[in-house]
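Below is one structure, written out as structure tokens; comments come after it.
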Amino acid sequence: MEQKIYDHAVLADKFNKDASRVDWHDKTLWFIREKRDKAAWQIAEWEELREAASQVKNNVLDNLHDYLLEFEKQAQQNGVTVHWAANAEEHNRIVHAIIKEHGVSDIVKSKSMLTEECHLNEYLQQQGITVVDTDLGERIVQLAGEPPSHIVLPCIHWKKEEIGELFHQHLGTPKGNADPQFLTAAAREHLRQRFMTSRVAITGVNFAVAETGEVVVCTNEGNADLGVQLAEVHIACMGIEKIIPQRKHLGIFLRLLARSATGQPVTTYSSHFRKPRPGQAMHIVLVDNGRSERLQQESFRNALKCIRCGACMNTCPVYRRSGGHSYQYAIAGPIGSILAPGLDMKQHADLPFASTLCGSCSNVCPVKINIHEQLYEWRQVLVKSGHVSPVKKAGISGMAAVLERPGIYKFSGAVGRWFMKYIPVLVNNKLNPWYKQREMPAVPRQSFNEWYRQNRKQNGKQS
Ligand code: SF4
């Protein structure tokens with residue numbers, strides 16, 4: 001795993017240097033959040049669906065061992081080769097071995113956050129394998145040499161003019177043409193050649209059905225299907241938490257997933273892969289990579305219920321204004337901020353603090369993960385384990401000392417108001433990070449407490 005150089009606040013600051021991009025990023029994601037709301041409200045039983053999904057996932061987590069074995073048995077009976085990987089390195093080695101066995105050096109891959117988590121592309125490229133991401137957004141960031149910034153909308157931080165320039169450089173499209181339809185057609189033509197010649201196709205997995213041993217892959221572009229149908233070998237990579245017990249449960253999740261992700265009633269393609277077609281080989285790689293450990297942590301285990309819809313990112317005021325790359329983890333936003341410290345507490349100690357704890361993420365989550373409560377819990381764990389900087393720790397202790405003592409709190413408020421009124425430069429200066437993007441408000445004449453007491457008295461009541 002690469003070493004983090006900057007923390008979230010520093011990279012968010014960098015993203016914020018381009019004010020128009022921040023504004024447009026913020027508004028675009030909020031537009032998707034609003035689409036999600038409209039799509040959800042069209043279903044009278046939306047809350048019942050969320051509750052059902054949450055219960056199914058609870059059941060999966062309680063019986064994961066059994067469901068995984070059932071899934072393996074069914075998949076093997078279907079003629080699929082099942083592999084188990086304890087961590088990212090093992091996953092990458094397994095995938096490479098399969099590709100090597102077939103003597104292939106160029107492969108196609110549809111969207112898979114698991115392979116991002118495992119840094120599969122980098123690993124395969126080091127082994128001399130060329131990987132072409134076939135999801136349009138993923139291909140754009142791949143050509144740009146960047147990781148995705150969003151789990152559903154990988155290039156949401158790119159403007160169409162920038163994509164036009166990128167395609168001009170890499171695909172030879174006319175300079176200055178940024179028409180989305182034209183660029184999509186150019187990408188389609190470019191990718192079609194890769195699909196036609198690739199003998200191995202990798203896909204992610206949205207759901208794996210224990211009862212039947214099949215995997216379900218949801219896309220809007222049909223790129224997973226095209227890759228798999230034309231290749232001799234299909235490798236499906238999945239985290240072990242993707243299991244659902246029975247096919248009948250799919251209806252719950254498919255209705256929730258697309259509505260939560262983009263506000264669509266359903267993804268354009270929900271493809272079921274159960275067995276290899278004649279002459280084809282199919283492999284499924286089941287990856288743990290810290291998930292079993294997470295399962296044992298009562299406070300954090302239900303983060304494993306995530307179906308990667310991205311709704312918590314679209315609604316998060318911090319994500320919308322700091323951009324996905326500021327998280328420096330394959331999965332950005334609120335869900336990434338509770339998953340990443342579980343993998344490496346030291347490396348990702350900044351992420352649980354990248355939140356206002358407003359709870360909007362938990363409100364939109366289709367599987368009812370208590371994201372904001374886990375963010376708060378992670379902060380406490382990180383402070384106790386010494387993974388928070390001494391400056392931040394001193395600040396938190398100072399605030400706690402003030403907030404715990406009403407007398408000191410009132411006195412500090414009075415002192416603060418006096419300084420802001422008579423020597424404002426002590427607060428409104430560049431050393432104060434809050435001042436960088438906002439003017440401090442006009443000083444109130446009295447504290448809320450004073451106002452409240454006075455008004456209670458005026459109303460003839462004793463405080
Ligand atoms: S935590 Fe919930 S809202 Fe966020 S991506 Fe996962 S399922 Fe979607």
Side-chain angles (χ1 to χ4, degrees), residues 29-30 32-37 39-40 46-47 49-58 60-61 111-114 116-117 137 148-154 156 204-208 216 218 238-244 249-250 252-264 266-267 291 294 297 299-320 324 327 329-343 348 351-352 354-378:
L29 289 165
W30 187 250
I32 297 167
R33 155 75 211 258
E34 287 179 325
K35 270 181 77 189
R36 171 260 172 216
D37 290 347
W46 180 256
E47 287 307 316
L49 270 181
R50 285 179 77 212
E51 183 56 31
S54 174
Q55 294 298 335
V56 171
K57 282 285 185 181
N58 282 341
V60 168
L61 295 185
K111 181 121 70 66
S112 151
M113 292 320 295
L114 177 85
E116 292 293 332
E117 175 188 323
S149 72
H150 187 291
I151 56 178
V152 175
L153 314 155
I156 190 69
V205 169
N206 289 90
F207 305 101
V216 179
C218 303
M238 59 176 272
I240 54 173
E241 81 284 13
K242 294 288 179 187
I243 291 280
I244 58 168
H249 297 124
L250 267 175
I252 302 169
F253 291 98
L254 292 178
R255 292 180 81 195
L256 286 167
L257 177 64
R259 284 182 168 88
S260 301
T262 54
Q264 293 166 254
V266 73
T267 38
R291 288 160 173 80
R294 176 64 54 89
Q297 296 172 301
S299 306
F300 302 121
R301 76 197 299 253
N302 80 9
L304 293 172
K305 288 155 71 175
C306 176
I307 56 170
R308 305 282 191 269
C309 70
C312 57
M313 304 162 87
N314 302 341
T315 200
C316 176
V318 176
Y319 174 85
R320 283 188 277 117
Y327 292 79
Y329 178 58
I331 299 163
I335 181 64
S337 299
I338 58 174
L339 289 173
L343 270 182
H348 300 291
L351 296 187
S355 168
T356 60
L357 299 186
C358 64
S360 185
C361 45
S362 306
N363 285 341
V364 297
C365 179
V367 285
K368 291 193 160 184
I369 301 174
N370 57 337
I371 308 171
H372 71 296
E373 288 170 0
Q374 291 192 40
L375 286 164
Y376 179 55
E377 184 109 15
W378 266 119

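Numbering of ligands and ligand atoms starts at 1, following listing order.
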query = Is there an N/O/S atom in Cys309 at a distance below 2.8 Å from atom 8 (Fe) of ligand 1?
reply = yes

inquiry  = For Lys57 and His249: C-alpha separation, side-chain torsions, deciding distance, then whether side-chain contact (heavy atoms from CB on, under 4.5 Å) applies.
reply    = CA-CA 10 Å; Lys57 282 285 185 181; His249 297 124; over 6 Å; no

task = Return yes when Gly310 approaches ligand 1 closer than 4.0 angstrom through a heavy atom, no otherwise.
result = yes

query = At the 4.0 Å heavy-atom cut-off, does Ile371 count as touching ligand 1?
reply = yes

ask   = Which of these, His150, Arg36, Lys35, sits in a side-chain hydrogen bond (donor to acceptor under 3.5 Å, both in side chains) with Asn314?
value = His150

message = What protein heavy atom lies closest to atom 6 (Fe) of ligand 1? Include the residue and the distance to one decimal.
response = Cys306 SG, 2.3 Å

task = Return the residue, atom name and 0.1 Å-rounded distance of the protein heavy atom closest to atom 4 (Fe) of ligand 1.
result = Cys312 SG, 2.3 Å

query = Counting only heavy atoms, which portion of Ile307 has something under 4.0 Å from ligand 1: side chain, backbone, both, or neither?
reply = both

task = Indicate whether the side chain of Gln374 and that of Trp378 have a donor and an acceptor atom separated by less than 3.5 Å.
result = no

key: Distance (rounded to the nearest 0.5 Å) between Asn370 CG and Cys361 SG   = 9.5 Å

message = Return the CG to CG distance between Leu254 and Asn206, rounded to the nearest 0.5 Å.
response = 8.5 Å

message = Within the 4.0 Å heavy-atom shell around Ile369, which atoms of ligand 1 are there?
response = 1 (S)

ask   = So do the side chains of Arg308 and Lys242 get within less than 4.5 Å of each other, counting heavy atoms only?
value = yes

task = Verify the distance test for Cys365 against atom 2 (Fe) of ligand 1: any N/O/S atom under 2.8 Å, yes or no.
result = yes

